[in-house]
Structure formats: structure tokens, C-alpha cells
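See below for the structure under consideration.
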Number of protein chains: 2
Amino acid sequence: MNEEIELRHLRYFLAVADSLHFTRAAQQLKIAQPALSQQIRRLEELLGHALFLRTTRGVQLTPAGSLLALRARTTLARVEDDLAQVRRVGRGEEGTLSVGFSGSVMFTELPAAIRRFRKRYPKVELQLREMWTSAQVEALRDGALDLGFLRDGEGNEGLATRTLLRERFVAVLPERHALAAKRTLRVNDLDGEPFILFSRAMGPLAYDRTIACCEQAGFVPEIVQYAPQFPTLFRLVAAGIGVSLAPACMARLSVPGAVYREVRSTARSTVDLAMRAGFESPLADNFVALLRTQIGSEERP
Amino acid sequence: MNEEIELRHLRYFLAVADSLHFTRAAQQLKIAQPALSQQIRRLEELLGHALFLRTTRGVQLTPAGSLLALRARTTLARVEDDLAQVRRVGRGEEGTLSVGFSGSVMFTELPAAIRRFRKRYPKVELQLREMWTSAQVEALRDGALDLGFLRDGEGNEGLATRTLLRERFVAVLPERHALAAKRTLRVNDLDGEPFILFSRAMGPLAYDRTIACCEQAGFVPEIVQYAPQFPTLFRLVAAGIGVSLAPACMARLSVPGAVYREVRSTARSTVDLAMRAGFESPLADNFVALLRTQIGSEERP
DNA sequence: CTTCATTCATAAGCCCAGCATATCAATACC
DNA sequence: GGTATTGATATGCTGGGCTTATGAATGAAG
């Protein structure tokens, strides 16, 4: 004999407590009256106390029954609320989404996409964390991040990536530099110039692609300085320490003393959306689905 | 197919969520593993979302599952607490007890009994309400009172009464009254004196017994004034408006200008405990049981 | 008072939800 | 590649919960 209380007992009890009438309560519950009496009796045995005072003409609640009616009502309501919330989380309409991004991605359409996501899913808490690409890869792998917007993040083992944007490179020059006079450069114009780049450890593929851009043009850049972020890097360029190559979107960041010039090259930098492979989060799925309609068509070949 | 969630589902779910292991959870629940898998699957179908991510090597919670684990834990704990509280109310250890009393009863041992009851059942809220006997009878009948301490409340239809105290009468006299010189009176000493009494509507039996006390002594008292309560009545006596008879306990109330004198009479006034007949309240039962040990032996013949 | 209606309890049997047993499939580990 | 582990699937059984039928008690009506 199962001694545990079940929600069924509470539902049945409340039906009787509401109507104070076994027969009507049974009809409402769509069961036969004896079945209802049986379950109420079981509940009373389980509690060790009577919940109703039966007269052959109707029933009424005992003090214990009155209290249980109060409590049972809130319990059932709470359970329903809980299930509804679990379903919302299941649908990805509620919860917490950890999103990492490389700093440069904030100069693309991502901020607008985030705004739309927040509007569509107001109950989702977005935790935005700026991280280097390689740090995001690690965080995605151990589950600290749900989603990452990586600068050149393709081809990482264990991550499912999708390329969102494909950008040209621009040359970053001191405004007094001789090459700044030209509107458009060839990459090999930069041959022999001192280069400032971010560290390879922050994003190997981004680094390699920048180098490859130069190598395509027939030279290997001489790197004289490393910088942790593009804004810092651009300030160093403005100070005349060297030149650089950066994804085109970064041209939106105006730094006094630094200018951007288009370069003719087939080399491209990408922004890639990454999530843990085989690890489905409805929240992340919803974010990705929204991005697909917003940014998907904005790839620049 | 029953589509309703039951506490069993939550219990099973939590077992798996705790151990993240179906087989071990099943052992802990003392059921077979397939039965557990079946119930979890049912719960997931009911929610429309997965709660666990199954790998052939262990399981882990989805975001929805994590949330449900939180909620289910509090739900089960709450239900247990609720049942415990209902049991306490069932045992009469908790709840609200409405106790009515005639004013004169507060001059007996009742206050001491109330103090003991409060100490023994600290979670019981005692609502004490001073009411005339007849008002108590009405309130008891319609359930507004759980228990009543009635002055001469025997023999009321629909109420179960038990006599707690049986008291002599005392004469109440102005201190300058000639009879005040005697230590003890005969009732018929009061023959011809103007009487002050409470209204018969407040307590018919108390009234009748007072009158009967006089009639036993061979006269019918001439009532010149009615008073709603004993303290008021005694003040009127002190003012020289008349004399009165009162239950002996009221002698504890000292009113300047009024004195009490024993009377030789077999007439008695009673304090009766009353509750609705056939209406068992564990709270009231506990109160009565406590009184039985405290006051039961204090009857004055 | 008798009769009828109402209402909850009891009795008896049925049926399916939940369970157990047996087995399979997939993966980690040596 | 073999073995162990773990959850899923298949199949049949069993008891708890249900239904139907009936009883008992009480109030209402005439």
C-alpha cells in the first residue's frame, strides 16, 4: 500500500471542499462518487485526522480540513506555475544566456540583433561577456558560455560554428603617413612597414589570416608591437609606432591620428557564431534563429 | 491516459536529478530502472520538453530540468510542511479557539486554567470573548464560538454542557445597611428589600435560580432595577439603590461601599462548560481535557 | 407516521497504469 | 577488440483506483 500523498488527493479534496458535496464533486471530477469517497478516506488515513464531518445530509470541513484547503489551493497553483515556467525555459523564453563576444564584433550589426532579441524574449537574461576568441573557445567547451561571437573562430574542435559575416581588411595608418594620401592601397604597399598586431594567443586564426593577407602580397610583416585590443592598437598606430590591418568593421571606430584605407585583397576576416557541439540550448537556438533572419543576409563577399 | 502531474513524478525526477544516474536513483526509490525511465519520460512528455540529456554514460540536467529540480524540491518540502501543520491542527496543537465566557467566570479559577492552556499549547490562538450566557448559547449554536463558559448554562438544546463549579450565593449589601452588621444572613432576611438584578434575557437560568433562591425562603423579590453586569450592579448596590444576590466568586470583586455576606441556602449557581453537541473540535477537546485535571476537583458542593 | 428523496458509505468486481523481468544498444575503458 | 556500464525498449503481470450496485441514515413531504 502506497503511503505517499499525491496531487490527485489534493485535487479531489479541494473539489469536495469547494462544493461540500461528494456527489457533485465527483461529477465535476468526472469520476464516480465511491471512488472519490475512497480517495478522501485514504487522505484522511494518511493524515491521521478527519478532514470532513459527514452528516447524511452534506458535509462540512473540520479545522484541519479548512487549513488543508488553504494550503492545497496554493500548492496546486504553485505547481501549475512551476510547470508553466519550466515550459517557458524549455521553449527558451526564459532563463539565462551567457554570450561571449570578441570586442570587434560590437562594431558589426550584433548590438542591433541583441536589442531585437531582448525585445522578443524579455524574460531572458543575457549575460554579455567580452572575451578574446581563444578564451571564448575554452569557455564554450566547459559550458561557461552558451554562445560565442568569435573573430575568426572557424574550425575549433568540439564547437559548432556558423559564419555570420565575412569582411574585408582595411589598413590602419597614422594620418601623417605617406600612404594615407592614397584612397586605396595594395597590400604590398605595406611591405617594410613596422606592424602592430594583437597576440596570436588571443585568436590564432585571426592572426594567421592577417599574416596570410600579407603573404599573399609577397611579404612577411615585421611585427614590432603587440596590443591586446583594437582600440589600443589604433592608438599605437596614431602615435606613429607602426601600421596595421584590421577587419573593415573596425573603421567605425574613429581614433584621432589614425586613418583607415581600403586594401585590394581577397583575404577575409570572419565573425563566427559558435556553440558547444551536440549541446542544444533552446535559448541559444532562439538567439541563433533570430540572428539568421537579421544578419544572415548581410554577409559581405 | 492521465495527463495530470503527480508528486510521484517530482519525487522520481528529484531522485534522478540528485544522483544523475537512473539505475542508482531507481535503487534508492526501490523500483526497477525501466519503471523510473518510464515515469521520467512521462513527465517530460507532460512538460513538452526534455529534462535530462542522456548519454549512454550518465545523464545531465537541461536548463528546464535544473529549474524544475529547484521548484520540485521546494514543492515537496512545502507539501510535507503543510501535512505536518494539518496534523498539528488535527491534534489540536495549533489553530484558533474561540472561547466565550460570562464576566463572572473570570473571578473563578478559569484565568489560571487559561494560563496553563497557553503554556501547554503555545501555537493555539485563544480568542476570548466576554458575552452573556444567552449570547454564548447562540454563538455556540451557529459556530461562532467553539467553547463557552456559561453562568448557569445547563440544559440548552443542542449544546453539550458540563458543570465545572457549583457556588453558593452571597448577599450584596450597601455597607451602611443594617443587615451588613451580621456575618451571615438567612435569605428571608432580604424579604422586602428592593432588589437589583441583571436582566433575565442575559441568562434565564441564572435569573431563575436567583429568584428560586428567594422563593425557597418564602418570598418573591421586588426588583427595582436591572443592571447589565455584576460590577455595575454592585456599584448600584453601593449607591444604596437596593440589595442583590450573586455567585460567591464575585465576592472577590471589591467595590467601595458594597459588602458581601454569606447566606444560608441550598441554592447554587453553576459555571458550565458548553460546546456544540456532536461537534468535535480537537482544540476544544484539549482545552476541556486540561480543565478536567485542573478544575474538575475544585467543585464546591 | 409513512413514504420518498437525498446523500454518503460499503461491497464486489474490472481494468489499466505502473511495475518487474528480460533484453538490447551505445559508449567508455582497458 | 573485448568487457563493463548505462539507459532504452519489449513484454507481461499485478494491484490500486475506478465503476456499478446496493445499503444506511436522515430530512422533507403528504
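Here is the naming used below: chain letters follow the sequence lines, and residue numbers restart at 1 for every chain.
For dG18(C), one of the phosphate oxygens OP1 or OP2 lies less than 4.0 angstrom from a side-chain nitrogen or oxygen of Arg8(B). Applying the 4.0 Å criterion to OP1 and OP2 of dA9(C), one finds that Ser37(A) has a side-chain N or O inside that range. OP1 or OP2 of dG17(D) has at least one side-chain nitrogen or oxygen of Arg42(A) nearer than 4.0 Å. Residue Arg54(B) has a polar side-chain atom (N or O) positioned under 4.0 Å from OP1 or OP2 of dA8(D). The side chain of Arg41(A) places no N or O atom within less than 4.0 Å of a non-bridging phosphate oxygen (OP1 or OP2) of dA9(C). At dC8(C), one or more side-chain N or O atoms of Thr23(A) fall inside 4.0 Å of OP1 or OP2 (strictly under the cut-off). When the side-chain nitrogen and oxygen atoms of His21(A) are compared with OP1 and OP2 of dT6(C), none of them lie within a distance under 4.0 Å.
In this structure, the CD1 atom of Ile31(A) is 20 Å from the P atom of dC14(C), given to the nearest Å. Between Leu36(B) atom CG and dG18(C) atom P there is a gap of 13 Å when expressed in whole angstrom units. One can place CZ of Phe22(B) at 14 Å from P of dC19(C), the figure rounded to the nearest angstrom. Glu3(A) has its CD atom 11 Å from the P atom of dG17(D), to the nearest Å. The separation between His9(A) atom NE2 and dC18(D) atom C1' is 13 Å, rounded to whole Å. Between Leu29(B) atom CG and dG18(C) atom P the separation is 15 Å, expressed in whole Å. The separation between Leu20(A) atom CG and dT7(C) atom C1' is 13 Å, rounded to whole Å. In this structure, Glu45(A) atom CD and dG16(D) atom C1' are separated by 14 Å, rounded to whole Å.
Side-chain contact, Gln127(A) with Ser98(A): a donor N or O sits under 3.5 Å from an acceptor N or O. A side-chain N or O of Thr163(A) and one of Glu154(A) form a donor-acceptor pair less than 3.5 Å apart. Looking only at atom types and distance, the side chain of Gln33(A) has a donor-acceptor partner in the side chain of Ser37(A) under 3.5 Å away. Looking at Ser19(B) and Gln28(B), their side chains never bring a donor and an acceptor atom within 3.5 Å of each other.
Within 4.0 Å (heavy atoms only), Tyr12(B) reaches sugar-phosphate atoms of the nucleic acid but no base atom.
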Practice prompt. Let me see the working for Arg151(A) and Thr270(A) under side chain to side chain donor-acceptor pair (under 3.5 Å), right down to the final yes or no.
Written response: CA-CA 6 Å; Arg151(A) 170 62 62 186; Thr270(A) 61; over 6 Å; no
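In summary, the aromatic rings of Tyr121(A) and Phe287(A) are positioned with their centroids too far apart to meet the 6.0 Å limit.
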N/O contacts under 3.5 Å, protein versus nucleotides 10-13 of chain D?
none

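Of all non-hydrogen atoms in Arg11(A) and Glu4(B), the two that sit nearest each other are NH2-CB, 3.5 Å.
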